[in-house]
Amino acid sequence: MSPTAPTPDEIHRQRLHQLAVFLRESEQILADWDAYSEEHTDLDGWPLDDVAYGRRAAQRDADTWRSFNRVRSFAKDLLATAEVQVQQLNAAHLQSRWPWQLATLDSALKQLDALQQEWLDTRDALPPTARPGTPAYDDALAERNAEAWSYLDAWVSHGKAILEIQATAHDLPPRAAALATAVQAHPRPAAPGAAPAARR
């Protein structure tokens, strides 16, 4: 007996879980970086060792990219679902920051996708001798990660909005459903002898 294919709802929940994992991992990556930075800079914030500091920053960038890369392929779908949920929710249950946060996430995702395409083009143009572990390859990859950092940080900062919207939409009926429920609970009395109106 073959296993049943997951439903769209199950797939969406799995993707939300992956987003939550990314948010937890990225928070830990940032906490580790802050601790390192505090310990390895002087009172004015300048690195005590520029080379070691740069290498540690590159590790932070790479670790954050690697964590988000498990979400990147379906991040657009997560955003699209959240946008629909926001439109369906009653205004009383909306957070005013959500539309702005979703727009910020969408813009950051487009930049990340563009950087990934640039990296793939750069990688394909490298000589055959440029393999992982060689300066030519590793430097180009580190440059992509560094340029991606601010956009990854946008997802670290605002990605939770998608989880908040999902939780609100799950706990509350959508606007149309709520209206239909209210109509069913308080039906308008029919005129005497009137036949039920046909649905269009």
Side-chain angles (χ1 to χ4, degrees), residues 2-3 5-6 8 10-42 45-83 101-163:
S2 59
E10 289 171 340
I11 292 173
H12 185 62
R13 283 198 297 272
Q14 291 168 2
R15 290 173 171 178
L16 289 169
H17 173 72
Q18 280 299 121
L19 175 61
V21 170
F22 159 70
L23 292 173
R24 285 197 303 272
E25 288 181 351
S26 60
E27 287 173 4
Q28 186 59 56
I29 291 167
L30 274 176
D32 292 344
W33 164 253
D34 288 342
Y36 174 89
S37 182
E38 185 174 347
E39 187 177 342
H40 293 83
T41 53
D42 62 22
W46 293 99
L48 301 176
D49 182 333
D50 286 339
V51 174
Y53 194 84
R55 193 161 46 237
R56 183 62 181 79
Q59 180 188 330
R60 174 204 65 187
D61 298 344
D63 290 345
T64 308
W65 177 279
R66 192 176 301 110
S67 182
F68 182 72
N69 209 38
R70 296 196 295 269
V71 176
R72 190 172 58 84
S73 64
F74 52 76
K76 193 170 185 64
D77 293 334
L78 288 178
L79 285 171
T81 299
E83 287 167 359
Q101 287 180 297
L102 293 180
T104 299
L105 292 171
D106 183 58
S107 177
L109 181 62
K110 288 174 181 173
Q111 294 296 330
L112 290 168
D113 286 342
L115 287 170
Q116 173 65 0
Q117 187 57 54
E118 288 176 17
W119 154 245
L120 293 176
D121 293 341
T122 299
R123 185 193 63 184
D124 292 344
L126 291 173
T129 54
R131 302 283 183 183
T134 62
Y137 186 100
D138 290 353
D139 290 350
L141 183 58
E143 183 177 347
R144 180 207 65 184
N145 294 341
E147 291 180 7
W149 166 247
S150 63
Y151 307 117
L152 292 170
D153 191 48
W155 273 83
V156 175
S157 301
H158 302 295
K160 192 177 179 183
I162 294 175
L163 302 179

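Electrostatic pairing of Arg66 and Asp63 counts as a salt bridge here, judged by a charged N lying under 4.0 Å from a carboxylate O. A salt bridge does not link Arg56 to Glu39: none of the charged nitrogens lies less than 4.0 Å from a carboxylate oxygen. Between Arg72 and Asp113 there is a salt bridge, with a side-chain nitrogen of the basic residue lying less than 4.0 Å from a carboxylate oxygen of the acidic one.
In this structure, Ile11 and Asp77 have side chains that are not in contact, with every pair of non-hydrogen atoms separated by 4.5 Å or more. Using a 4.5 Å heavy-atom threshold, the side chains of Arg70 and Glu25 count as touching.
Minimum heavy-atom separation, Tyr137 to Arg131: CB-O, 3.2 Å. The heavy-atom pair separating Leu16 from Leu78 by the smallest distance is CD2-CD2, 4.0 Å. Glu10 approaches Ala5 most closely through the heavy-atom pair OE1-O, 4.4 Å. Annotation for Ala148 and Leu112: closest pair CB-CD2, 3.6 Å, computed over non-hydrogen atoms. Nearest heavy-atom pair across Leu102 and Ala82 is CD2-CB, 3.9 Å.
With values rounded to the nearest 0.5 angstrom, Ser67 atom OG is found 11.5 Å from Gln28 atom CD. In this structure, CG on Leu19 lies 8.0 Å from CZ on Phe68, to the nearest 0.5 angstrom. Between the CD atom of Gln111 and the CG atom of Asp106 there is a distance of 10.5 Å, given to the nearest 0.5 Å.
In terms of modelled atom types and a separation under 3.5 Å, the side chain of Ser26 and the main chain of Phe22 share a donor-acceptor contact. Proximity of a side-chain donor or acceptor of Ser157 to a complementary backbone N or O of Ala154 within less than 3.5 Å is not detected.
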Could you go through Glu38 and Asp34, starting from their C-alpha distance and side-chain angles, then the distance that decides it, and tell me whether this counts as side chain to side chain contact (heavy atoms under 4.5 Å, CB included)? CA-CA 6 Å; Glu38 185 174 347; Asp34 288 342; over 6 Å; no

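Using the six-membered ring where Trp is involved, Tyr36 and Tyr53 have ring planes that are tilted, between 30° and 60° apart.
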